[in-house]
Amino acid sequence: IVEEGIDLAEILFDKIIDTADDALLMMRRKMKESDAIQEPRAADVLNEWYDEGQPRVLVIGTGWAGHACIKVLDTSQFRVLVISPSNHFVFTPMLASTSVGTIESRSIVESTRDSNPFVRYIEGKALDINTADKTFKVKLGKDELTNDREAICIEENEIIDIPYDIAIYSAGVGPVLSSKNIPGLSKENVYFLKSVDDAKRLRSGVIDLLENASQPGRTDKERRQLLTFVVVGGGPTGVEYCGELADFINDVTGKRKSRLAPFASLAKLTKIILVQGAPDVLPAFDANLRQSARESLEGEGVTVRTNTKVKHIIGKEKLVVVGKEDGVEDTIDCGVIVWAAGTMPLQLTETLIANIDSTCREKGLAEPSSLSSRGRIPVDKWQRVIGVPDGSMLAIGDASGTVVEGGEAKLLPQTAQVAAQQGAYVARLLNRQYNLNVENPKNMLYLGPPTKNQAKGRESVNIEVRGRLEAKPFQFLNLGQLAYTGGGEALSQVELGDKKLFSQAGSTGFLLWRSVYIVKQVSTKTRLLVLFDWFKTQIFGRDVTRM
């Protein structure tokens, strides 16, 4: 996805320079680690935060955008503090593998403190923001265990105000926890797959059903209901989970007959149903790949029901679906419902949007309502939040959306690829010391392009080579997409910007899928752990212990 009029070669050149800059930064950071060992930092993070010194950058969230930003931020120029209920980053594309035990959960996570040893981290949940005073209201402490991303902090935990000079909002989005159009949709009735906790809960739930169906005295009808797994949503999450679940069920029931299976007696009683509202699964892929995905899923025993929407969920074990074309209703009795359809903004995101819109109204400025109504924080082409007059707040990742002057919204897909590129872009914008607060006399709602006032030393050479006295807007470089479909088959659609290079399905696509996911792991440690988990599952089979 590249905007019209943009030279792809120029973008690639910029990416090469950015990669070289990042590599040099990592080398300098590594050299400083030995000095940091000799000078331990204060135990109370906020003591040094309140002191006079370098500009304070407050990062909210540890997802793809926040993690990429933390990795690239130059902590020799800034004091960086991260606030999040989760003290780690999760490689979310492999959550489906984690939910069936193909990959262990600790193999796809990296501690925030390991991501950049020079950033400081506070475990807590941001509740509110005051953009005028430049403060976030934060509830400190560990969250109670919940099944959604809007974790509930323990009531007695302290609430404090944390100031900042620059805030980077990267809290992401959460699953659709409820809908007035779908009665019964709630975290009590369905499983989600947005976090490690979700994957652990789902893994235990599937094994519970297998054990429950193995109890004596059950009829085959009861066992069939318990072992009917319904997945709602035919995007990458839903398709990959169906593929991973089919692998797991086929292995543990002996359908592949590769070894003596622990639940061989249940082989003829299991069923996986994928419910998708659109005409095809994986609508973002090319038509031939969409067809390959369906054929691959059905070949692994998954029943794919497209053009079908969920009308009503009745408890944990029943849902009513209706065909979009014929309007025929059908009730599905099942053991588990996995909801992989859609996302919704976090409460803090909605609060921030309301505050921004209120500020715009007070100043007599037009509201960027084209995005506010969709639950996305409106940002300009440089990721600065529209309505924050001094450019002190940036928003990146799934919670943000670009609005150009005139009010036109330009939305990028809510994917890890977009979020990671935005996070790294914002970090480089700060590292290169661009002035974010540039007045725009033509439109008071939008700031002018960030400019470079003065370049010194190494940075002057970099700026001169690239000719970037004025910061370029963020440009997303689409590299393609991948999806696992089960049975050792996957889809790989490789692109470079708006140019499609090649696409593969089946075992060749699977080899590319695994290769890319190994390369994209965030550390050598996680690469080795994932490789070991794949090897362990292949050699020793599935782990069906319930813990």
Side-chain angles (χ1 to χ4, degrees), residues 1 92-97 99-100 102 193 228-251 255-256 270-310 321-328 330 332 338-342 412-418 478-517:
I1 298 175
T92 51
M94 301 197 82
L95 279 175
S97 297
S99 68
V100 295
T102 307
L193 198 51
T228 297
F229 306 91
V230 178
V231 181
V232 182
T237 300
V239 167
E240 291 202 327
Y241 179 68
C242 282
E244 293 283 0
L245 181 61
D247 286 351
F248 177 79
I249 294 298
N250 290 340
D251 286 344
K255 290 183 179 180
R256 291 198 174 126
T270 62
K271 188 175 185 179
I272 303 172
I273 302 173
L274 175 61
V275 178
Q276 165 72 331
D280 294 303
V281 297
L282 299 173
F285 283 77
D286 291 340
N288 62 319
L289 293 181
R290 295 197 297 268
Q291 183 60 31
S292 295
R294 180 165 191 152
E295 291 173 358
S296 179
L297 289 170
E298 290 176 341
E300 291 302 304
V302 179
T303 300
V304 180
R305 300 182 62 167
T306 52
N307 281 317
T308 303
K309 64 178 182 179
V310 177
V321 298
V322 57
K324 286 186 173 181
E325 295 178 340
D326 54 20
V328 176
D330 182 23
I332 303 174
V338 180
W339 193 268
L412 290 171
Q414 292 175 305
T415 64
Q417 192 178 167
V418 172
N478 184 24
L479 300 177
Q481 47 198 335
L482 307 165
Y484 181 62
T485 55
E489 297 186 355
L491 309 182
S492 298
Q493 184 170 299
V494 181
E495 304 174 27
L496 189 61
D498 56 357
K499 300 182 184 300
K500 294 181 179 179
L501 302 182
F502 64 89
S503 59
Q504 292 288 340
S507 56
T508 304
F510 175 68
L511 180 61
L512 186 57
W513 175 81
R514 281 204 163 178
S515 300
V516 170
Y517 275 19

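One-based numbering along the sequence shown.
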Trainee: Go through the structure and list residues passing side-chain contact (heavy atoms from CB on, under 4.5 Å) with V494, not counting sequence neighbours.
Mentor: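 Here the qualifying residues are L501, F502, L512.
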
Trainee: Pairs of donor and acceptor atoms involving the side chains of residues 503-511, under 3.5 Å and at least two apart or interchain, shall be tabulated with distances.
Mentor:
none

Trainee: What residues, two or more places apart in sequence or in another chain, satisfy side chain to side chain donor-acceptor pair (under 3.5 Å) together with Q493?
Mentor: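 By the side chain to side chain donor-acceptor pair (under 3.5 Å) rule, Q493 matches E495.
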
Trainee: Can you list everything that forms a side chain to side chain donor-acceptor pair (under 3.5 Å) with T270? Sequence neighbours excluded, please.
Mentor: K255

Trainee: According to side-chain contact (heavy atoms from CB on, under 4.5 Å), who are the partners of A341, at least two apart in sequence or on a separate chain?
Mentor: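 Expected list: V232, W339.
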
Trainee: Sequence neighbours left out, what passes side chain to side chain donor-acceptor pair (under 3.5 Å) with T92? Give chain and number order.
Mentor: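 Residues passing side chain to side chain donor-acceptor pair (under 3.5 Å) with T92: W64.
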
Trainee: So, the side chain of K309 versus the backbone of K324: is there a donor-acceptor pair under 3.5 Å, distance only?
Mentor: no

Trainee: In Å, rounded to the nearest 0.5 Å, how long is the span from CD of Q481 to CG of L479?
Mentor: 11.0 Å

Trainee: For residues 279-291, which side-chain donor-acceptor pairs fall under 3.5 Å, sequence neighbours excluded?
Mentor:
unit_1: D280; atom_1: OD2; unit_2: R290; atom_2: NE; d: 3.4
unit_1: D286; atom_1: OD1; unit_2: K500; atom_2: NZ; d: 2.5
unit_1: R290; atom_1: NH1; unit_2: F285; atom_2: O; d: 2.5
unit_1: Q291; atom_1: NE2; unit_2: E295; atom_2: OE2; d: 3.1

Trainee: E300: what forms a salt bridge (Lys or Arg N to Asp or Glu O under 4.0 Å) with it, not counting sequence neighbours?
Mentor: R256

Trainee: Do any N or O atoms from the side chain of S97 and from the backbone of L95 form a donor-acceptor pair under 3.5 angstrom?
Mentor: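 Pair absent, no side-chain N/O of S97 close to backbone of L95.
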
Trainee: R514: what forms a salt bridge (Lys or Arg N to Asp or Glu O under 4.0 Å) with it, not counting sequence neighbours?
Mentor: none

Trainee: Once side-chain contact (heavy atoms from CB on, under 4.5 Å) is applied, do any residues pair with S99, and if so which ones, sequence neighbours excluded?
Mentor: L193, A199, L202, Y241

